[in-house]
Amino acid sequence: MKGIVFTEFLEMVEEVFSPEIADQVITESGISSDGVYTAVGTYPHEEIVAMVGALSRITDTDAEALVKAFGRHLFGRFVSLYPGFFEGVGGTFQFLGSIEDHVHIEVRKLYPDAELPTFVCTYPDARTMVMRYESSRPFAALAEGLIEGAIAHWNESISVRREDRGDGQTGMGRAEFTLARTA
Ligand code: HEM
C-alpha cells in the first residue's frame with residue numbers, strides 16, 4: 001500500500017486524538033517501519049490493519065468505525081491534494097462512477113505499483129447507484145468512508161447500504177454498496 005495512505009492515517013490520528021496517541025499506535029502495533037513512511041514508498045497493507053487495531057484498543061473505539069472515519073477524512077485530503085479530479089464534476093454519482101475508469105487509472109500513472117480495488121457500477125434506476133467493490137485486500141470499510149466523504153462533499157441526500165460478499169477467511173474484500181437518493 002502506498003505511503004500516502006499511511007502518512008494520512010497517522011496525521012488523522014494526531015489531529016483527532018493526539019501526537020502521543022499516534023506514537024503509541026506506532027509502538028503498540030509492532031510494525032517494522034517505525035511509522036516512517038514516504039508518500040511514494042510501498043509498505044505492507046497489514047501495517048495499516050495493525051495500526052487500526054492498536055488505535056481501536058487504545059481509544060476503545062470500534063475498528064470498523066475508525067476505518068470509515070479515516071475514509072471520510074481521506075476523501076477531504078484527496079480534494080485538497082488532487083483538485084483536478086473534482087473540476088467539472090457535478091455530483092456524487094458522477095464522481096464515484098469515474099473512480100474505476102478515470103481516477104484510479106490516473107493514480108496508477110502516478111504510482112505504477114499502486115494496489116487498487118475494482119469497482120463495477122450499475123444504475124438500477126435514476127435515483128440509485130450500485131457499486132460492487134472487489135479487492136485482494138480487506139478495505140470495504142475504507143471504501144464506505146470514502147463514499148460517505150463524497151456524499152458530504154457534494155452535500156447530497158444519499159443513503160448508503162453495504163452488504164459484505166466476502167467469505168471472511170481469505171482477507172479478500174468483496175462488498176456491494178447501494179446508494180439511494182433520499183431527496
Ligand atoms: C481523488 C480521489 C481518489 C484518489 C486520488 C485515490 C487514490 C488512491 C490511492 C493512492 C490508493 C492507494 C493504492 C495503494 O495503496 O497502493 C487508493 C486505494 C483505494 N481506493 Fe482510491 N482514490 C480516490 C478515490 C476513491 C474513492 C472515492 C473510493 C471509494 C469508492 C476509493 C477506494 C479505494 C480503496 C477501497 C482503496 C484501498 C485499496 C483496496 O481496497 O484494495 N478511492 N486510492
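Ligands are counted one by one from 1 in listed order, and the atoms in each one are counted from 1 as well.
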Which heavy atom of Val89 sits nearest to which heavy atom of Gln94, and what is that distance?
C-OE1, 3.8 Å
Listed once per pair and sorted, the ring pair (Phe, Tyr, Trp, His ring centres under 6.0 Å) pairs that draw on residues 13-64, sequence neighbours left out:
Phe6-Tyr37, Phe6-Tyr43, Tyr37-Tyr43, His45-Phe139
Mind checking whether His45 contacts ligand 1 via backbone (N, CA, C, O), side chain (CB onward), both or neither, at a 4.0 Å heavy-atom cut-off?
neither
Can you confirm whether or not the ring centre of His102 sits under 6.0 Å from the ring centre of Phe85?
yes
So the protein N/O/S atoms within less than 2.8 Å of atom 21 (Fe) of ligand 1 come down to His104 NE2
For Gly71 against Leu142, the heavy-atom pair lying closest together
CA-CD1, 3.7 Å
Any side-chain donor near an acceptor of the partner, Thr118 and Glu134, under 3.5 Å:
no
Specify the protein heavy atom at minimum distance from atom 38 (C) of ligand 1: its residue, its atom name, and the distance to 0.1 Å.
Glu115 O, 3.6 Å
Heavy-atom check, side chain of Thr178 versus side chain of Thr128, under 4.5 Å
yes
Nearest non-hydrogen protein atom to atom 1 (C) of ligand 1, with distance, is Phe85 CD1, 3.5 Å
Give me the nearest non-hydrogen protein atom to atom 12 (C) of ligand 1 as residue plus atom name, then the distance to 0.1 Å.
Val5 CG2, 3.8 Å
Decide, yes or no, whether a salt bridge links Glu64 with Arg162 under the criterion of side-chain N to carboxylate O below 4.0 Å.
yes
Centroid-to-centroid, Phe70 to Phe75, below 6.0 Å?
no
Distance-only polar pair, side chains of Ser32 and Glu47, donor-acceptor under 3.5 Å:
yes
Using every non-hydrogen atom in the two residues, find where Pro117 and His104 come nearest and quote the distance to one decimal.
CD-CE1, 3.7 Å
Check: Tyr133 N/O within less than 3.5 Å of ligand 1 N/O:
yes
Determine whether the side chain, the backbone, both or neither of Met1 has a heavy atom under 4.0 Å from any heavy atom of ligand 1.
both
For atom 15 (O) of ligand 1, what's the nearest protein heavy-atom neighbour? Residue, atom name and distance, please.
Lys2 N, 2.8 Å
With nothing but distance in play, are any N or O atoms of Ser135 less than 3.5 Å from an N or O of ligand 1?
yes
Check each atom of ligand 1 against the heavy atoms of Ala114 and keep those under 4.0 Å away; list them by number with element.
13 (C), 16 (O)
